Amino acid sequence: MPDGTHTTIGQPAIRIDGRAKVTGMARYASDEVVANPAHAFLVTSAIARGRVRGFRLEAARAVPGVLDILTHENVGGEAEKPQPMSGGDTTTTLESDRIWHDGQIIALVLAESFEAAREAAHKVEVDYEAETPAASFGSPGAEEEVREAGEHKDYKLGDAAAAFAAAEVKVDARYGTPTQHHNPIELYTTTCEWRGGKLTVYESSQFVYGLRASLAKQLRMDPGDIHVVSRFVGGAFGSRGGITARTAWVAVAARRLNRPVRLVPTRDQGFTIVTYRAETRHHIQLGATRDGRLTALRHEGWEVTSRPSQYNVSGTETTARIYACPNILTKVNIVHADRNTPGFMRAPPETPYMFALETAMDELAVSLGMDPVELRRVNEPERDPATGKPFSSRSLMPCFDQGAERFGWKRRNPSPGAMREGEWLVGWGCAAAAYPANIGPAACRVTLTAEGRARVQIAAHDIGTGAYTAIAITAADRLGLELGQVLVELGGTELPAAGLAAGSSHTAGICNAVAKACEGVRQRLAQAAVTSNEGKLAGLDPASLTLSAGALRGPGGAAEALPKALARAAPGALEVYAENIPQGLPPESIGKVYQGQMAMSRGHSREDATTYTFGAQFVEVRVHELTREIRVPRAVGAFAAGTIVNPLTAYSQYMGGMIWGIGAALHEATEIDPHAARYVNDNIAEYLIPVNADVRSIEVIMVPEQDSQVNPLGIKGIGEIGIVGMNAAISNAVWHATGRRIRELPIRIEDLL
Ligand code: MOS
């Protein structure tokens, strides 16, 4: 459990919303009460490419309770397609007759009950004009495109080709990762209700202001006339970051029927109506001296996307800045196929890209006859190798050293297949983890009332990560209150804006904004106390006063109870609104968040420093010598992420990432029918994720780290990094157990026969 030696804010706390969640009091989007809703059921395309020639709707309309059926023929002009958060173009749904991918929304059936809508949806008959689709890499008709230089950079330092050709020791290999789907437990529901010209949308979201802005554009409305509500989120992992097509059509349906409409799509529809992690391919070339110093690092990636989209995650931003190397070349290409548009999924670029690099590093260690941990030490850079900027802090080697110590790494026999126990081949592997310390602007309102309670309002998102609790911990600490005296309101566009809960940026963004508003409260109380004619704090320096344990306190034990201090400053309630603009962003960036745009200071985009979270992961695998089944009895992850707001939920977050890594490396893949370009295991019976029996010992070490440069509270973010090194650590351990180097995920029994 949490070791308590790292920097924290306040005390570790169990989730303040935990009771509401386990007692059913927490209202997820489809639990929100609306009067007399109609129910929607989606009809999705059975072909992956072509056009809808027409519908035959008589049988569907004859189902008792059916109210309306929306298709491109009757509502096509009422909404525009959504803007993907990542920019660029995307596929259409009811705007036209065009089919871009299997499972595309082509009609919405509306009925008095969910059952009637579902029955009628299955009776909708569609005439298609079908064309042959391309499913993925290598399919006839898939188009490769050299990616336009966008937000992510390709790096070209020195002459990587020449350095590679001249290198004493080389690795030249290709890697691949599969399609994966987020599969949060909460389905992708949407409920819309109109009152006059104003629309309320209940939809779980990682960015309520973004959802509002995109929807307003799609429906040609004033964003101020839309209220987005998302109080609880049943898992997201990137799937609820950007708006998807369904939302606008539910709003259109509710307007046509003049009554609220609720959509609860099925699990399998969730595979095609939102985003997913695209499959990737990688070509890596590493060149090194005999003593292990990298002389050349080339990383070229390929990612699948839809026909019209330019979406790519481009993980070379990270792989170019892990190791000291004078010659670096990176490049990312996209491949268009007849697929839905992909998007962010937990540790969006690093999960696939670091798998390739960190497996290649292990291969290099083997070629050099060098310990993999020592290979990292030899290549530890003084500065960001891609840009020459300093790191605000970098604890990669402390993570490796503490992880290795806990794991018992020095007992490893480096020869593959040399360690065994009974019929099991034992393999030990490790890998580095890295993720940019991103942060977004956020606004916050804190109200202190005469009863000595605080209300914190911020349009943050608790996607299961514990944001309610992190906010409460920060406010309680800064205001000198008990956790139970802080009421947190989040998840709605009626609140001061906060950015996207993604890219491990959210805790840093929102907690810094909360702390800033609380500092405003302290200043107001202090100013009133010191300028008063009476009281123990009169005449003191306001900067010397702090709030703790229910009082405003000065030097030498002078104190005034909070109600008294408050009465001087504001007889009723004291309200402070504050906006926090992270270093590296212009003041207008908070305005962008209110307008629903992504504004994020990224770990690799700041002028003054590169800000990254680092970790090291160690894994033991066991491969049965006869059946070749693969087990992961033990994993150790060591991470340094600056200030940890709540060690209790941080521990769970890291552990969850590591468990997901076991799934990503060994189980998880969305299989695609290469002829139909259709996902075939689109359910959580056949889309395999780890269960308890797949997970044994997971240990998390929170390596102490203080970083006063990254942001005022020193928070680096931990949402993604737990998964980042796991794929490579497991594949490296499989090599160590068996001598077989598996470069395509997931690793399965058949790969080891
Ligand atoms: Mo995370 S995939 O950036 O929600």
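Treat the numbers as computed from the prediction; the structure is a model and nothing was measured.
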Trainee: With a 4.5 Å cut-off on side-chain heavy atoms, are D608 and Q583 touching?
Mentor: yes

Trainee: Quick check for you: to the nearest 0.5 Å, what is the distance between K21 atom NZ and R27 atom CZ?
Mentor: 16.0 Å

Trainee: Would one find more than 12 heavy atoms of other residues, nucleotides or ligands at under 6.0 Å from atom NZ of K536?
Mentor: no

Trainee: So, using ring pair (Phe, Tyr, Trp, His ring centres under 6.0 Å) as the criterion, who are the partners of Y435 when residues are at least two apart?
Mentor: none

Trainee: If only side-chain N and O atoms count, and only distance matters, is there a donor-acceptor pair under 3.5 Å linking R568 with S532?
Mentor: yes

Trainee: Hey, are E588 and K592 close enough for a salt bridge, meaning a charged N less than 4.0 Å from a carboxylate O?
Mentor: no

Trainee: Taking atom types as modelled, is there a side-chain donor on R15 or T469 under 3.5 Å from an acceptor on the other?
Mentor: no

Trainee: Does Y594 have any ring pair (Phe, Tyr, Trp, His ring centres under 6.0 Å) partners at least two apart in sequence or in another chain, and if so, which?
Mentor: Y209

Trainee: Are T190 and E203 close enough that a side-chain donor and a side-chain acceptor fall under 3.5 Å?
Mentor: yes

Trainee: For the residue pair Y276 and M345, establish whether any side-chain heavy-atom pair is separated by less than 4.5 Å.
Mentor: no

Trainee: Given S395 and E705, is the side chain to side chain donor-acceptor pair (under 3.5 Å) satisfied, shown in steps?
Mentor: CA-CA 8 Å; S395 306; E705 185 182 66; 2.5 Å; yes

Trainee: Determine whether the side chains of N512 and N711 contain a donor N or O and an acceptor N or O closer than 3.5 Å.
Mentor: yes

Trainee: Between R262 and S30 (side chain of the first, backbone of the second, donor and acceptor by atom type, cut-off under 3.5 Å), is there such a pair?
Mentor: yes

Trainee: Where the side chain of S605 meets the backbone of S601, is there a donor-acceptor pair that is under 3.5 Å apart?
Mentor: no

Trainee: For a quick check under 3.5 Å, do Y577 and E579 share a side-chain donor-acceptor pair by atom type?
Mentor: yes

Trainee: Ignoring hydrogens and angles, state whether a donor on the side chain of Y612 or T318 is under 3.5 Å from an acceptor on the partner side chain.
Mentor: yes

Trainee: Are E519 and R478 close enough, and set up right, to give a salt bridge (charged side-chain N to carboxylate O under 4.0 Å, His left out), and what steps lead you there?
Mentor: CA-CA 7 Å; E519 168 59 14; R478 296 297 138 134; over 6 Å; no

Trainee: Would you check if there is a donor-acceptor pair between the side chains of N646 and T649 at a distance under 3.5 Å?
Mentor: yes

Trainee: If you measure only the distance, is there a donor-acceptor pair under 3.5 Å linking the side chains of S393 and K716?
Mentor: yes

Trainee: If you measure only the distance, is there a donor-acceptor pair under 3.5 Å linking the side chains of R240 and S204?
Mentor: yes

Trainee: If you measure only the distance, is there a donor-acceptor pair under 3.5 Å linking the side chains of T200 and E193?
Mentor: no

